[in-house]
Structure formats: structure tokens, C-alpha cells
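Letters A, B, ... mirror the listed sequences (proteins, then strands); counts begin at 1.
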Number of protein chains: 2
Amino acid sequence: MTTANEMLDQLREKGSRITTARRLVVSTLMGASGHVTAEELAATIQEQHPEVHLSTVYRTLDSLEKLGIVGHTHVGHGPSVYHVGVTHQHLVCEECGAVIDVPADMLEGLRDTLHAQYGFELHIGHFALLGRCALHPHVQTVRISP
Amino acid sequence: MTTANEMLDQLREKGSRITTARRLVVSTLMGASGHVTAEELAATIQEQHPEVHLSTVYRTLDSLEKLGIVGHTHVGHGPSVYHVGVTHQHLVCEECGAVIDVPADMLEGLRDTLHAQYGFELHIGHFALLGRCALHPHVQTVRISP
DNA sequence: TTAAATGCAAAGAATTTGCATAACA
DNA sequence: TGTTATGCAAATTCTTTGCATTTAA
């Protein structure tokens, strides 16, 4: 589990500086339910620290993403949501059985959509995604007009 | 399979009018590889018909989406891609076995991402997505700090 | 003829960037 | 002290909208 301090440490190790704004972004993100927009984050922070600008929030989130400890997801239209942490998903080739590991945040969009639309909690890792790997693509069938 | 003429017919049935711009949007979309942005569509059309405006393309795509015969997907950042046709995906509740049908375009984003990132062709319908339905959500465990 | 669609320009929403100033290390 | 980060404003990108004009039915 990533704690706020561990996240700040990772920034420090990268050579970044720890500022009030960054401390606030990190702790607010950790305190949030899991998926927040940059604007929501900024609004929460600005209740106590109105000087922290939205662009700073975006820049801090960007730095954290480059560290791989934060991700963002496009949920339909509107702004992206940001979240902490990483997990995995498996892709299995139906032809050769090859297994490809995929970071869970590639499924965040689907997860959010299914939850929003159906109240369905997607359990990734509990299933594999089937298909064809790059080495064994489907042969495309051309449909002749009848 | 939906043909360009069938799509125009559906617009007509809805009480819409068939214009040159709409004919062009429909036929260009059908002729496209499958996933095109509004701008790409407009650019292609404008090679022959420079008077067709991007906003008209957006409006036509919008009408077709409301008919349910066109969908658009957010693929990462950048503009959305538009495509024709509909399929289904099944969600299965691990607790009660309930099955929920989901239109395939909810998985288009995932499909595009997996293909772009891994060259993996996702075969939806060949697998079910497991999880918890709205009636049987997971109880959230609160982690006490150690 | 008349309601619907178009072209254009301008507005909107989300995010990024340039730059002078502030502040961490 | 020397970068790095910030705040602000302005620019960008994608999409939508208002409105006068054109066009299909």
C-alpha cells in the first residue's frame, strides 16, 4: 500500500522538491474516495489553501503519473479522474495460450463505465480477457456482396 | 450488416432530411476502416466537397448516434473515434449469477487500447465479465492503520 | 412553403504552456 | 545560490451552440 509519505519520498528520490502544494495534492488524493477530478482536488485543497492553483494540481498529478503511482482515467465525457495504485489484468491468446500482463488502469475506464451504467463492480483478475495476440491475428474475411 | 442506404433510410424514418452532407458523412464513415475522428471524416469529405463544415459532421454523427447505429469512443487523449454497428457483452454477478447485457461499444475503448498497446485483438462475447451486480455489492473492508 | 439542416463564427470545457516570481534544497 | 515549482494568464484542443441563410420534402 502506498502512503502519502511514500509518495512524497518517491518524488524526492526523483530529484523533485516537496512543496506545500504537492503535500496537499498527495494527501488530498489519498484521502479521496479513489476517483477524483483535478478540479475536485483543487476545490478541496482551496478550502484551506486558496492560493494553490488548478494548474499546479495538474502538474503535480502529472509528476505522480510519471512515477507510476497515480493514474488517470477518461470516464465518458467530462474531466478525467485520478487515482492511486496499480494492479494487473491478463490477456490470453486463444491460439497459442500466450499470457500478457496489463496494468489495471487500462481497465479503469471500463470499470467506471460499468459501475456508472449498471451499478456493476467489475472484478478484474477474476477473469482473463480472451482474444488473439499480435503473433496470431485473426484472418480478416472479406464479405462478397450477395 | 448496416449499409449506407439503410442508415439514410433510418434517418428518413425518424423524420430527418437527407442532405448532401449527410449522404457524404454516412458513406465516408462506411468506407472508413472502422474508427475515424470527426476531423478525419471532415477532411476526407472536404477533398471533394470543401463546403461541408466540421460542425455539420459532428451534428450528423450525433443524429446517427441517437439512432443507435453509430457510436463513438474515447481512445486515450485526443479526439473520439466514430464507428458503425452494435454487438453485446455479458456481465455476470459472482454472487447471484445474474447476467447483464452490455452494448459492445462500452468495450471499444478497452479494445482499442489493447490493440494499440499490445497488438491484442479483444474478442468480446467469448468471455463474460465477472463482478458484483448492483444488488450484491462487495462489503467495503476498512483498513485500520497497523 | 415551412421546418429542418447548413455554414460560419464564436463560445465552452478540459488541459497545457510561457513566463516572471517565489521557495525548496 | 541555483534550480525547480508556482501562480497567473493566455494558448490549445476538441466539441457544441447561436443565428442568419439555404434546402429538402
(message) Quick check on DNA chain D: between Ser80(B) and Arg23(B), whose nearest nucleotide comes earlier from the 5' end?
(response) Ser80(B)

Test your reading of the model: is there a side-chain donor-acceptor pair from [X] to the backbone of [Y], 3.5 Å cut-off?
X         : Y         : answer
Glu6(A)   : Thr3(A)   : yes
Thr28(A)  : Leu24(A)  : yes
Thr56(A)  : Val52(A)  : no
Glu40(A)  : Thr37(A)  : yes
Thr113(B) : Gly109(B) : yes

(request) Measure across Ile100(A) and Tyr118(B) and return the closest heavy-atom pair with its distance rounded to 0.1 Å. (result) CG2-CD2, 3.6 Å

(request) Check the side chains of His115(A) and Glu121(A) for a donor-acceptor pair under 3.5 angstrom, ignoring hydrogens and angles. (result) no

(request) Identify whether the distance between the nearest side-chain nitrogen and carboxylate oxygen of Asp9(B) and Arg12(B) falls below 4.0 Å. (result) yes

(message) I need the NE2-P distance between His77(B) and dC14(D), as an integer number of Å.
(response) 12 Å

(request) Round to the nearest Å and state the distance from His72(B) atom NE2 to dC14(D) atom P. (result) 14 Å

(request) For DNA chain C, note the earliest and the latest nucleotide, 5' to 3', having some atom under 4.0 Å of a heavy atom belonging to chain A. (result) dA14(C) to dA25(C)

(request) Evaluate whether atom CD of Glu39(A) has more than 12 neighbouring non-hydrogen atoms of other residues, nucleotides or ligands under 6.0 angstrom away. (result) no

(request) With a 4.0 Å heavy-atom cut-off, tell me which residues in residues 55-62 of chain B come close to DNA chain C, sorted by residue number. (result) Ser55(B), Thr56(B), Arg59(B)

(request) Using heavy atoms and a sub-4.0 Å distance, could you list which residues of residues 10-21 of chain A are near DNA chain C? By number, please. (result) Arg17(A), Ile18(A)

